[in-house]
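Encoded as structure tokens, the structure appears first; notes follow it.
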Amino acid sequence: MTRPLHFGLLGAMPEEIGSDLSHLKDLSCSNHGDLTIHKGSLGDTVQLSLAWSGWGKVSAARAATRLLASDPNIDLLVFTGVAGAADPTLRQWDVVLADAMVQHDMDARPLFPRFTLPALNQDRLQPQQDWFNWAKTALLEAYDAGGLEGFARPSSGLIATGDRFIGDAAVLQTLRDDLPGLRAVEMEGAAVAQVAEQEGIPWLVLRVISDGADEAAAQSFEDFLQRYEQQAWRLIEALLQRCNVAPRRCA
């Protein structure tokens, strides 16, 4: 029998995954300083290792490293949560699955071109195509079946990460100019993607728009987060329900 599919799941805050873990069976946890890793299962087909990393690239990278080190059998690392809209057509509750990630504050010029990660000699990190296609299909099928009520139809695109909460329209416009096609901005995803790339683990970044990354962003973010916590798990559930056709099959 093929072993269960094992997801590693990260969010910056409990509200971004859903802090109620009662839907998981065989729960256990381990503490690593101020980081707690929770482990559980959904039936016989899915195992989960999850944690809330805290804000920012360093916290996210540290949590990703700890999570991956906690179990050598993790098949896929997913980072999920909210983001600010860089694409002006996006609104609250729009869902964006990253087809590429970039660290917008990485600048090692003149040694490397702007945005290039020296460790990988790449500026944009892209998820493995088979996992990306699987997740995109799962989300669209869940949406079409009415399983993502309240969310907008999932889409994909470039997401940028940096150690700055974007709440300034001028700063956002500069990022749009520098990164054509930019759809959303956040503070953790590309750091997690880099760790996963260097560790040889497939990854995905899944975001829901909470604000417009403008002067009203802080208040919009706080208000949205309170409502989002009640719905966050539904996105993860949409993926888990399709584990039988994941690139690495579960029994």
Going through the distances and angles, do His104 and Thr161 end up as a side-chain hydrogen bond (donor to acceptor under 3.5 Å, both in side chains)?
CA-CA 6 Å; His104 67 71; Thr161 299; over 6 Å; no
Under the 3.5 angstrom rule, does the side chain of Trp134 hit a backbone N or O of Arg242 as a donor-acceptor pair?
yes
Return yes if a side-chain donor-acceptor contact under 3.5 Å exists between Ser49 and Asp71, otherwise no.
no
Is there a side chain to side chain contact (heavy atoms under 4.5 Å, CB included) between His38 and Thr36 once you walk through the steps?
CA-CA 6 Å; His38 302 270; Thr36 300; 3.6 Å; yes
Heavy atoms of Gln126 and Glu197 approach each other most closely as O-OE2, 3.6 Å
What is the distance from atom CG of Leu50 to atom CG of Leu21, rounded to the nearest 0.5 Å?
5.5 Å
The residue among Leu67, Leu240, Ile236 that forms side chain to side chain contact (heavy atoms under 4.5 Å, CB included) with Leu9 is Ile236
List the steps and the verdict of side-chain hydrogen bond (donor to acceptor under 3.5 Å, both in side chains) for Ser30 and Lys39.
CA-CA 9 Å; Ser30 58; Lys39 294 180 180 291; over 6 Å; no
Backbone N/O of Ser156 and side chain of Arg183: donor-acceptor pair under 3.5 Å
yes
Arg227 atom CZ, neighbour heavy-atom count above 12 within 6.0 Å
yes
Test item: Ile166 and Arg164 side chains (from C-beta on) under 4.5 Å apart, heavy atoms
yes
Crowding at NZ, Lys136 (>12 non-hydrogen neighbours, <6.0 Å):
no
The single option from Leu76, Asp130, Leu77, Ile74 that satisfies side chain to side chain contact (heavy atoms under 4.5 Å, CB included) with Pro202 is Leu76
If only atom types and distance count, is the side chain of Arg153 paired as donor or acceptor with the main-chain N or O of Val95 below 3.5 Å?
no
Specify the closest pair of heavy atoms between Leu68 and Ala196, including all atoms of both residues, with the distance to one decimal.
CD1-CA, 4.5 Å
Would a distance-only check, ignoring hydrogens and angles, find a side-chain to backbone donor-acceptor pair under 3.5 Å from Ser59 to Gly54?
no
What are the two closest non-hydrogen atoms of Ser53 and Ala12, and how far apart are they?
OG-CA, 3.5 Å
The test is salt bridge (Lys or Arg N to Asp or Glu O under 4.0 Å); show your working for Arg114 and Asp178 and say whether it passes.
CA-CA 10 Å; Arg114 188 181 177 195; Asp178 294 340; 2.9 Å; yes
Nearest-0.5 Å distance that lies between atom OG1 in Thr80 and atom CD in Glu188:
11.0 Å
Compare all side-chain heavy atoms of Trp203 with those of Met101 and state whether any distance is below 4.5 angstrom.
yes
Heavy-atom side-chain contact between Glu141 and Gln241 under 4.5 Å
no
Given 3.5 Å as the limit, does a donor-acceptor pair link the side chain of Thr65 with the main chain of Ala61, or not?
yes
Flag the pair Leu139 / Leu206 as yes when at least one side-chain heavy-atom distance between them is below 4.5 Å, and no otherwise.
yes
Could you check if a side-chain atom of Leu182 sits within less than 4.5 angstrom of a side-chain atom of Leu175, using non-hydrogen atoms only?
yes
Report yes if some heavy atom in the side chain of Phe115 is under 4.5 Å from a heavy atom in the side chain of Gln103; otherwise report no.
no
Evaluate the criterion side chain to side chain contact (heavy atoms under 4.5 Å, CB included) for residue pair Trp52 and Glu15; output intermediate values, then yes/no.
CA-CA 9 Å; Trp52 303 294; Glu15 296 90 339; over 6 Å; no
Between the CG atom in Asp75 and the CD atom in Gln47, the distance rounded to the nearest 0.5 Å is 9.0 Å
With a 3.5 Å distance limit and no angle check, can you tell me whether Asp87 reaches the backbone of Thr89 through a side-chain donor-acceptor pair?
yes
Which atom names give the shortest non-hydrogen contact between Arg91 and Ile209, and what distance separates them?
O-CB, 3.3 Å
Look only at the side chain of Asp26 and the backbone of Gly40, and say whether a donor-acceptor pair between them is shorter than 3.5 Å.
no
Give a yes or no answer on whether the side chain of Asp105 reaches the backbone of Gly162 with a donor-acceptor pair at less than 3.5 Å.
no
Please state whether the rings of Tyr228 and Phe151 are parallel, tilted or perpendicular, taking 30° and 60° as the class boundaries.
perpendicular
In sequence, state the C-alpha distance, the side-chain angles, and the governing distance for Leu27 and Leu24, and then conclude on side chain to side chain contact (heavy atoms under 4.5 Å, CB included).
CA-CA 7 Å; Leu27 271 173; Leu24 298 180; 4.0 Å; yes
Give the minimum heavy-atom separation between Val46 and Phe7, together with the two atoms involved.
CG1-CD1, 4.0 Å
Say whether, by atom type as modelled, one donor and one acceptor occur between the side chain of Arg207 and the main chain of Val82 under 3.5 angstrom.
yes
Tell me yes or no: between the side chains of Glu222 and Gln226, is some donor less than 3.5 Å from an acceptor?
no
hydrophobic_cluster_shared for Trp55 and Val208, side chain cutoff 4.5 Å:
yes
Are Leu140 and Trp93 joined in one hydrophobic group, where the rule is that I, L, V, M, F, W and Y side chains link up if heavy atoms are under 4.5 Å apart?
no
Picking from Val102, Leu97, Asp99, Val96, what satisfies side chain to side chain contact (heavy atoms under 4.5 Å, CB included) with Ile159?
Val96
Which atom of Leu35 lies closest to which atom of Ala63, heavy atoms considered
CD2-CA, 3.9 Å
Common cluster, Leu111/Leu117, ILVMFWY with side-chain heavy-atom separation under 4.5 Å
no
Working to the nearest 0.5 angstrom, can you tell me the gap between His6 NE2 and Leu48 CG?
7.0 Å
Please evaluate residues Lys57 and Met187 with respect to the criterion side chain to side chain contact (heavy atoms under 4.5 Å, CB included), reporting the C-alpha separation (whole Å), side-chain torsions for both, the decisive distance (0.1 Å), and the verdict.
CA-CA 6 Å; Lys57 294 196 299 182; Met187 298 178 65; over 6 Å; no
